[in-house]
Amino acid sequence: MPLVSMKTLIQSGREQHFAVPLFDVPSLNAAIGAVEAAEAVNAPVILGMYNAWFDLPEAPAVCAGLHALAQGAKVPVSLMLDHGASYIQCIKAIRFGFTDVMFDGSSLPFAENLRITSLVCEAAHAVGVSVEAELGHVGLGTEYEVGEARAHFTQPQMVQEFVSASGVDMLAVAFGTAHGNYKTTPQLDLDLLTQLNAVSTVPLVMHGGSGLSEEQFKGAIQGGIAKINVATHIFNEIEARTAKSAADGKTNLFAIEAIIRESFRDLCTYYLQLFGTAGQA
């Protein structure tokens with residue numbers, strides 16, 4: 001099946017209250033596990049590649065492998081640059097055949113974030129690639145206490161201007177989640193999310209999906225979230241399974257590779273079912 005941008009499916013998710021997940025894949029083996037999960041439950045899936053990969057000399061080879069895997073899948077697969085750190089990285093991802101890119105200017109002043117996001121949208125849209133941006137700032141789980149995080153939440157009054165002026169296709173917002181492992185129990189401001197969804201003309205995205213309860217995920221999806229990024233939970237599971245394998249005296253290269261693939265397959269299946277993505281391919 002040809003690679004596809006997830007723009008249309010994410011819009012459908014917003015309307016029908018399901019979310020398309022992005023799974024950050026640190027290796028081709030991890031990506032295989034994610035695609036196997038999507039095929040098993042007939043779901044679309046986004047394979048995310050973190051920005052640091054695009055500055056490595058082996059980036060073209062890694063991207064080519066993901067591209068071939070996605071094209072051979074039986075379900076819709078998108079390749080997406082996750083947290084693009086610059087305009088140049090976004091252009092690289094487009095050049096490498098990615099169908100979607102994220103430019104993360106959330107740490108920049110509003111005007112600069114808007115300026116660069118607009119440039120990325122202009123270039124991406126010219127070749128049929130969709131764009132995600134971030135407004136507000138989703139920090140690290142160890143970066144903010146709950147009270148401190150509120151200062152970085154997305155402001156509803158800024159959303160309409162940013163979306164309209166930039167031409168972005170989807171918007172990552174901050175309303176209580178964080179990347180990585182939480183040091184405190186996450187507290188989602190679903191009332192704020194409802195306000196953000198009401199003023200946004202494009203689907204909303206949630207980063208920092210690891211560590212939330214099933215009820216929190218469902219509440220976020222009902223509140224307008226149509227794309228959810230997950231990585232840390234799967235990485236933690238791989239580490240735990242590898243440690244157990246080592247303790248059992250079964251760890252070798254092949255065992256580790258199998259753990260990576262199986263962990264992605266198992267947990268991606270779980271999230272695809274939890275988010276209502278199963279059956280949406």
Side-chain angles (χ1 to χ4, degrees), residues 1-50 62-80 82 97-100 203 205-207 209-218 220-222 225-242 244-245 250 254-281:
M1 178 173 289
L3 279 138
V4 295
S5 168
M6 284 294 161
K7 177 181 176 179
T8 300
L9 275 167
I10 290 171
Q11 181 60 46
S12 296
R14 185 188 196 190
E15 297 166 357
Q16 300 173 33
H17 298 294
F18 69 87
V20 181
L22 176 149
F23 300 115
D24 275 310
V25 289
S27 68
L28 186 59
N29 207 22
I32 291 170
V35 170
E36 287 176 339
E39 290 179 335
V41 298
N42 194 35
V45 68
I46 305 170
L47 304 180
M49 192 174 190
Y50 199 67
V62 175
C63 292
L66 291 175
H67 203 276
L69 173 67
Q71 284 191 311
K74 300 173 184 176
V75 294
V77 177
S78 161
L79 298 182
M80 187 168 195
D82 190 20
F98 277 46
T99 57
D100 303 271
V205 177
M206 182 170 77
H207 288 244
S210 298
L212 302 184
S213 67
E214 291 189 356
E215 291 72 21
Q216 286 176 314
F217 278 120
K218 292 175 181 178
I221 293 169
Q222 286 298 313
I225 292 297
K227 172 180 173 282
I228 300 175
N229 286 26
V230 178
T232 300
H233 181 200
I234 305 176
F235 298 166
N236 289 346
E237 181 67 17
I238 291 169
E239 292 171 9
R241 292 186 186 189
T242 301
K244 183 179 185 306
S245 180
K250 299 177 181 179
F254 298 105
I256 293 172
E257 291 290 347
I259 287 169
I260 293 171
R261 183 168 175 171
E262 290 166 5
S263 296
F264 265 85
R265 184 171 63 236
D266 293 347
L267 291 184
C268 291
T269 299
Y270 165 75
Y271 282 114
L272 288 164
Q273 293 172 331
L274 176 62
F275 298 166
T277 332
Q280 300 292 344

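The structure presented is a predicted model; accordingly, all values stated were derived computationally and were not measured.
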| request: Apply side-chain contact (heavy atoms from CB on, under 4.5 Å) to Met49 and Val25, showing your working. | output: CA-CA 6 Å; Met49 192 174 190; Val25 289; 5.7 Å; no
| request: Please lay out, stage by stage, how Val62 and Leu28 fare under the test side-chain contact (heavy atoms from CB on, under 4.5 Å). | output: CA-CA 8 Å; Val62 175; Leu28 186 59; over 6 Å; no
| said: I'd like to know if the side chain of Ser263 and the backbone of Ile234 have a donor-acceptor N/O pair within less than 3.5 Å. | reply: no
| message | Measuring only between side-chain heavy atoms, which start at C-beta, is Phe275 closer than 4.5 Å to Val230? | response | yes
| Using 30° and 60° as the class limits, which term best fits the ring planes of Tyr271 and Phe23: parallel, tilted or perpendicular? | tilted
| task | Mind running side-chain contact (heavy atoms from CB on, under 4.5 Å) on Met80 and Lys227 for me, showing each step along the way? | result | CA-CA 12 Å; Met80 187 168 195; Lys227 172 180 173 282; 3.6 Å; yes
| Between the main-chain N or O of Ile46 and the side-chain N or O of Ser78, is there a donor-acceptor pair closer than 3.5 Å? | no
| field | Rounded distance (nearest 0.5 Å) linking atom CD1 of Ile260 with atom CZ of Phe235 | value | 10.0 Å
| query | Looking at Gly276 and Phe18, what are the two nearest heavy atoms and their distance? | reply | O-CB, 3.4 Å
| task | Provide the closest heavy-atom pair for Ala281 versus Pro44 in the form atom of the first, atom of the second, distance. | result | N-CD, 3.6 Å
| message | I'd like to know if the side chain of Thr277 and the backbone of Ala19 have a donor-acceptor N/O pair within less than 3.5 Å. | response | yes
| Interatomic spacing from CG in Asn229 to CG in Leu22 - rounded to 0.5 Å | 4.5 Å
| task | State plainly whether the residues Arg241 and Asp266 are in salt-bridge range, i.e. N to O under 4.0 Å. | result | yes
| note | To the nearest 0.5 Å, atom CZ of Phe217 lies from atom CG of Leu212 at 4.5 Å
| Out of curiosity, Asn29 CG to Arg265 CZ, how far, rounded to the nearest 0.5 Å? | 10.0 Å
| field | Leu79 backbone acceptor or donor facing Thr99 side chain under 3.5 Å | value | yes
| query | Quick one: are Gln11 and Thr8 in side-chain contact, heavy atoms under 4.5 Å? | reply | no
| message | Do Met6 and Pro76 make a side-chain contact, defined as non-hydrogen atoms from C-beta onward lying under 4.5 Å apart? | response | yes
| said: Quick one, Phe264 and Ser27 - any side-chain contact, counting heavy atoms below 4.5 Å? | reply: no
| said: For a 4.5 angstrom cut-off between non-hydrogen side-chain atoms, does Lys218 reach Leu274? | reply: yes
| query | Are His207 and Asp82 side-chain neighbours, meaning at least one heavy-atom pair lies under 4.5 Å? | reply | yes
| task | Taking the side chain as every heavy atom from C-beta outward, state whether Val205 and Ile10 have any atom pair closer than 4.5 Å. | result | no
| task | To the nearest 0.5 angstrom, please state how far the CD1 atom of Ile225 sits from the CD atom of Gln216. | result | 12.5 Å
| said: According to side chain to side chain donor-acceptor pair (under 3.5 Å), who are the partners of Thr232, at least two apart in sequence or on a separate chain? | reply: none
| Electrostatic pair Lys74-Glu39, nearest N-O below 4.0 angstrom | no
| query | Looking only at heavy atoms, what is the nearest atom pair of Leu3 and His67, with distance? | reply | CD1-NE2, 3.1 Å
| said: Is the shortest side-chain heavy-atom distance between Leu47 and Val35 below 4.5 Å? | reply: yes
| note | Output for pair (His233 NE2, Tyr270 OH), nearest 0.5 Å, gives 7.5 Å
